[in-house]
Amino acid sequence: MVAVRVAVVPTPAGGARLRVLAEDGRPIGGAQVHADLVEAVGVLERAEAPRWVMANTMELYPRLLAAGVTVTRCHDVELAEALLLGYAGRWGEPRGLPAAWARLTGAPVPPDRPPRSRDHQPTLFDAGQSTPGTPSGDDPLDMLVAVHQAQRERMDAIDRPDRFHLLVAAESAGALAAAEMGHAGMPWRADVHSALLTELLGPRQAHGLPPRRLGELSERIAAALGDHRLHPDSPAEVVRAFARAGIRLPSTRSWVLKEIDHPAVPLLLEYKELYRIYTAHGWSWLASWVRDGRFRPEYVPGGVVSGRWATRGGGALQIPKAVRRAAIADPGWVLVVADAGQLEPRVLAALSGDDRLALAGGGGDLYRTLADEVFGGDRKRAKIGMLAALYGQTSGEASTLVAALRRQFPRAVEYVERAARIGESGGLVRSWLGRTCPPATAPAVSGEPDPDEDGESGDLSLSPGRARARGRFTRNFVVQASAADWALALLATLRTGLTGIGAPGDRPELVFFQHDEVMVHCRSEDAPEVVALVERSAASAGRIVFGDTPVRFPLDVATVDCYADAK
DNA sequence: AGTTTCATATGG
DNA sequence: CTCGCCATATGAAACT
């Protein structure tokens, strides 16, 4: 019989212990012991491609990838635990296997281990069976099997189990993709990056001395303000210098400075831009994060409450446009870059079943249609109105614009307003697939008491100010988290499909994922097939997540040599 | 000296 | 009185 699911734990000596499971998680037969983890997984994957049940994908899978073994599907017990805890309103409790096992057996719940650092070498201890706080003698494979089985039962017991199963599968697939992306890395030309820095900043100086261009600018800024010396990166100094020149600044933010008519302003703006690149994406960034022609950040699936990914170093999700010129495909290869346009309003249309809004997104530019239907052709206002509805903005003319939207799209607007009301009254909201927002936290952890908070006398209701903030959060959560549901489904479909394209050994590789954008590195001749696959995956993600919906999720797809040319 | 918060930038 | 969501990362400033 074909193994549907297989639980796997590594042994300290590089081996593995496996147990075949039925779909519901019940073990079939006893534990198998293998001397070689990589071989055991590789053989079974090729033969039966089961869903691998693992405690933590990001810890185990990189070892398999390093040895050339990929797997198709998994169930990540830790990620599933976090989703289940969140669903139950127990957000923030330890979610690791030892903690889940302790809850199952009624033992004291140990805290989660802190995440390992990036250049941490696995030790016998890490790979081993005992974990701090766990009674030794508990077999990790037994723990894994039992916790997984219990998770399957908990998943079946909640509302909309079909969607929640999808969520766990998508979250797990995301973890596989994250490990694979960390393994592949984004093609990155250090020489191009360095040349770009030199062009912008002047040649690199020794000992972290600021590059010449920054020094020159700061001298000219000082001179323009009648000073001898000035650190333009110190907001306090800049404010003081302007004060001496008779200009009072509330802050030194770019948009504040832009309103000021003074010769130092353009210099200062230029300085800020260059300084930012120098400190955040300069030579030291290059040295820390780019090796062997690849940028390898550390992705953290499920790292953001809304289900978006985070990174633990490298800042992969904030790569400035200016340095994207260094992301260049290998010779003979290209980058297929695809991003979902206007994803959040489209997701709102699907969530709320607002078919009129769905229709408005049918023509490609949703804001354009909105503008023509509601705002007398004013696209800018249409966009502000929609974003105000999604974020809860009330200042300026935002309320008026949202009210206008509501007249034409009552279901969509009511959906987010309802989420806001639930949040304001202290309730929980969920994404379409069931990812749940964290509960309202107890205010004033330390320091100054919140002026908006009158008393801490065990009153669970929120103060008006906090309640409104909470409402904006839950309002946005339902949309942002459901958009993340969709994006994960896209990613999962895409990564599976890619294994069928290209020649073995020269497969397209997923190298980047950023909220609503994916990047595939592939041979030029495979690009058309990849483009078609990405587009199919987007459409299929819409159906998988939202079922039968008229909402379209169009992608902007570009096949380029260089990331900077994608948009 | 080490740690935390603030200000400002980047991304979606 | 103010009122736009989610993040990461850096250096300066403030704090222990």
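Naming: A, B, ... by sequence-line order, numbering from 1 per chain.
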State, yes or no, whether a side-chain contact exists between [X] and [Y] at a heavy-atom distance under 4.5 Å.
| X | Y | result |
| --- | --- | --- |
| Leu488(A) | Trp309(A) | yes |
| Arg381(A) | Glu397(A) | yes |
| Trp188(A) | Ile319(A) | yes |
| Val520(A) | Val531(A) | no |

Subject >> His231(A) backbone acceptor or donor facing Glu237(A) side chain under 3.5 Å >> reply: yes
[atom1] of [X] versus [atom2] of [N]: gap in Å, rounded?
| X | N | atom1 | atom2 | result |
| --- | --- | --- | --- | --- |
| Trp285(A) | dT10(B) | CH2 | P | 16 Å |
| His515(A) | dG12(B) | NE2 | P | 8 Å |
| Glu298(A) | dA9(C) | CD | P | 10 Å |
| Trp289(A) | dT8(C) | CH2 | C1' | 11 Å |
| Asp233(A) | dA13(C) | CG | C1' | 13 Å |
| Asp485(A) | dG12(B) | CG | P | 21 Å |
| Tyr391(A) | dG12(B) | OH | P | 12 Å |
| Met186(A) | dG11(B) | CE | C1' | 12 Å |

Rounding to the nearest 10°, end axes of the helix from dA1(B)-dT16(C) to dG12(B)-dC5(C) built from five pairs each make an angle of 10°
With respect to the side chain of [X], which nucleotide from [options] is positioned closest?
| X | options | value |
| --- | --- | --- |
| Gln318(A) | dC6(C), dG4(C), dG11(B) | dG11(B) |
| Pro235(A) | dT8(C), dG12(B), dA7(B) | dA7(B) |
| Ser251(A) | dA7(C), dG4(C), dT8(B) | dT8(B) |
| Ser234(A) | dA7(C), dA9(B), dA13(C) | dA13(C) |
| Ala236(A) | dA9(B), dA13(C), dT8(C) | dA13(C) |
| Arg276(A) | dT8(C), dA9(B), dG12(B) | dA9(B) |

### Query
So, Asp365(A) and Gln342(A): side-chain donor and acceptor under 3.5 Å apart, yes or no?
yes
NA contact type, [X], heavy-atom cut-off 4.0 Å: base, sugar-phosphate, or nothing?
| X | result |
| --- | --- |
| Thr394(A) | sugar-phosphate |
| Phe477(A) | nothing |
| Gln480(A) | base |
| Arg472(A) | sugar-phosphate |
| Gly303(A) | nothing |
| Val479(A) | nothing |
| Arg470(A) | nothing |
| Leu387(A) | base |
| Lys567(A) | sugar-phosphate |

Between Ala329(A) and Pro187(A), the two heavy atoms sitting closest are CA-CB, 4.4 Å
Between Ala484(A) and Gly307(A), the two heavy atoms sitting closest are CB-C, 3.9 Å
Pairing of Arg213(A) and Glu270(A) as salt bridge, 4.0 angstrom limit:
yes
Does [N] have OP1 or OP2 sitting under 4.0 Å from an N or O in the side chain of [X]?
| X | N | result |
| --- | --- | --- |
| Lys321(A) | dA9(B) | no |
| Arg308(A) | dC6(C) | no |
| Ser254(A) | dA9(B) | yes |
| Ser395(A) | dT2(C) | no |
| Thr252(A) | dT8(B) | yes |

- Task: In whole angstrom, give me the gap between the P atoms of dT8(B) and dC3(C).
- Result: 16 Å
